[in-house]
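Take a look at the structure set out below.
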Amino acid sequence: MSALDLFTAQFLTALVVITSGAVFLLETVVRRESGSGRYWAAAFVAGILVAFCYMAWAIDRGLWIAVALGNAAFVSQMGLMWLGCRVYNGHLGTIHQASAAAAALVAFGSALLEREAGDWAGAPALFLGIAIFAALGAFETLRGALREVFASWGLTFVLGAAALYYLARTAVFLTAGPDSVLFTEWFGTNMTSLVTVALTVVAVVSTSVLRVASVSSPAVPGSVTDARRRSVLLSRDVFMAAATDMAGRGERAGAPLTLLAIRIDGLDEIASAFGPDTAELIEVSWHSAVHRHLPIHAPAGSLDDSTVAIVLDAPSAEQAAAAGNELRQGLIDDLAALKDAVLPAIGVGYALAEDHGYDPDILAQAAREAARRSASASGMPVMRAGG
């Protein structure tokens, strides 16, 4: 295999990474979006930092601090890609953010402690960090909302390929060493540069398409109008942005805040027993039914395929439960009026800011879990998170 010199390899990689990242960042600024797109944009920013750090190291091999910063940014890039996938699926929590930050610090610290190793300072921590977060990201694309979007398969390929490549790179590095012919030919800087360029291009295309796929219909910004949801509800990212804004204002004012979740279960069983057409009718109707019974000025959006969330300014648990009961009854009435009606299991749960704080991600997760328990429990249509 013909080899490029170190500077040329790093320059070509940096050119592709910086150009791709700049395009994605420009789209992010123009769209003024929040949620998964921002995490993916931050991942591309981290990639640009990686490119600059490794370019500096290629120019001056004595800049060991550039290696440490580049390693930390590289792990951060893959961690942010994973976090963006979790946001898209509505699964993000504080522990996930903390784990990504911790891994970046480990990569940075390892490079500092092993700086006498020169070019490969902290390499095992770097390779393993990339492989783990890439594998987690690939797994995340195979479930939840991402699984329903065809464009996510591009991201599955990118993250899965990165995980396999860096796992193999780690194994060869630890067993044969960085000076071996096997490592130099197949896992050295030149090959890694080619892999990075190819995966970056696919990643930019995939994330850009996914961002468009989550955008709502032009009639109502933020609404979801695909073939399976023909009601006017906010998309996940737009809803979480609205919830974040309301939570921030509520916390500053010391005002009560409730996040209420409504979930339907049992569509697979209904499809098996009564046919797919019956299940499909429920699936395309229930969002519209929820929307019709929403309180005025209460934003509502999808948390996942089975769950809708609403932000309420209910000052007490009793009022939150009453609002949940009213929404549930309205949903039952509307679904019961459908032709050949079969009711799915309907769960309603709510999380109070006074119990869980004003973090919208924590509130959403708590309310969704309460709705799940409500849907599987008999005689308890509305359930309080933590209650």
Side-chain angles (χ1 to χ4, degrees), residues 17 20-21 24-25 28 33-54 66-113 121-146 152 155-156 158-167 169-170 196 199-200 203-204 206-207 210-211 214 236-237 240-241 244 357 359-365:
V17 170
S20 301
F24 194 89
L25 288 172
T28 303
E33 66 174 292
S34 61
S36 58
R38 287 190 175 180
Y39 279 91
W40 289 331
F44 286 113
V45 170
I48 292 172
L49 178 59
V50 173
F52 277 119
C53 287
Y54 288 170
V67 175
L69 287 173
N71 288 4
F74 210 154
V75 173
S76 296
Q77 179 184 25
M78 206 58 69
L80 287 164
M81 290 298 293
W82 168 58
L83 293 176
C85 293
R86 291 195 69 90
V87 170
Y88 200 101
N89 284 339
H91 297 154
L92 184 65
T94 304
I95 189 172
H96 307 116
Q97 297 167 322
S99 63
L105 288 175
V106 168
F108 182 81
S110 297
L112 290 184
L113 292 175
L126 168 67
F127 296 166
L128 281 175
I130 294 172
I132 289 170
F133 285 121
L136 290 172
F139 172 75
E140 194 66 34
T141 63
L142 297 176
R143 63 176 188 153
L146 280 171
S152 68
L155 203 54
T156 305
V158 168
L159 296 173
L164 293 174
Y165 180 81
Y166 276 93
L167 279 175
R169 199 180 191 201
T170 303
T196 301
L199 295 185
T200 297
V204 169
S206 298
T207 50
L210 283 169
R211 179 161 54 186
S214 69
R236 178 187 309 97
D237 288 351
M240 290 306 295
T244 299
D359 187 322
D361 292 315
I362 294 175
L363 286 171
Q365 186 64 30

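None of the values given here were measured: they were computed from a predicted structure. Computed over heavy atoms, backbone and side chain alike; hydrogens, waters and symmetry mates excluded. Quick note: residue numbers are just sequence positions, from 1.
- Atom OG1 in T156 sits 11.5 Å away from atom CZ in F139 (nearest 0.5 Å).
- Taking each heavy atom of Q97 and L83 in turn, the nearest pair found is N-CD2, 4.0 Å.
- One finds the OG atom of S99 at 10.0 Å from the CD1 atom of I132 (value rounded to the nearest 0.5 Å).
- Minimum interatomic distance between A68 and A111 (heavy atoms only, all atoms of both residues): CA-CB, 3.5 Å.
- Screening R86, M240, H96 for a side-chain contact (heavy atoms from CB on, under 4.5 Å) involving D361 leaves a single residue, M240.
- Note: M78 CE to L126 CG = 9.5 Å, rounded to the nearest 0.5 Å.
- With a 4.5 Å cut-off on side-chain heavy atoms, F44 and T207 count as touching.
- At distances below 3.5 Å, not a single donor-acceptor pair connects side-chain atoms of D237 with backbone N or O atoms of R38.
- Heavy-atom minimum distance, L199 versus A161: CD2-CB, 4.1 Å.
- Between L80 and W40, every side-chain heavy-atom pair lies at or beyond the 4.5 Å cut-off.
- Across all non-hydrogen atoms, the minimal contact from G79 to A100 is CA-CB, 4.3 Å.
- How far CG of L164 is from CG of L159: 11.0 Å, rounded to the nearest 0.5 Å.
- Between Y166 and F74, the ring-plane angle classifies as perpendicular under the 30° and 60° cut-offs.
- Contact detail for R143 and N89: the closest heavy-atom pair is O-ND2, 3.1 Å.
- The CG atom of N71 sits 10.5 Å away from the OG atom of S76 when rounded to the nearest 0.5 Å.
- In this structure, L49 and Q77 have side chains that are not in contact, with every pair of non-hydrogen atoms separated by 4.5 Å or more.
- Here the side chain of S110 pairs no donor or acceptor atom with the backbone of A107 at under 3.5 angstrom.
- For the pair A134 and A163, the tightest heavy-atom approach, listed with the atom from each and the gap, is CB-N, 3.7 Å.
- Looking at S36, its side chain never comes within 3.5 Å of a backbone N or O of Y88 through a donor-acceptor pair.
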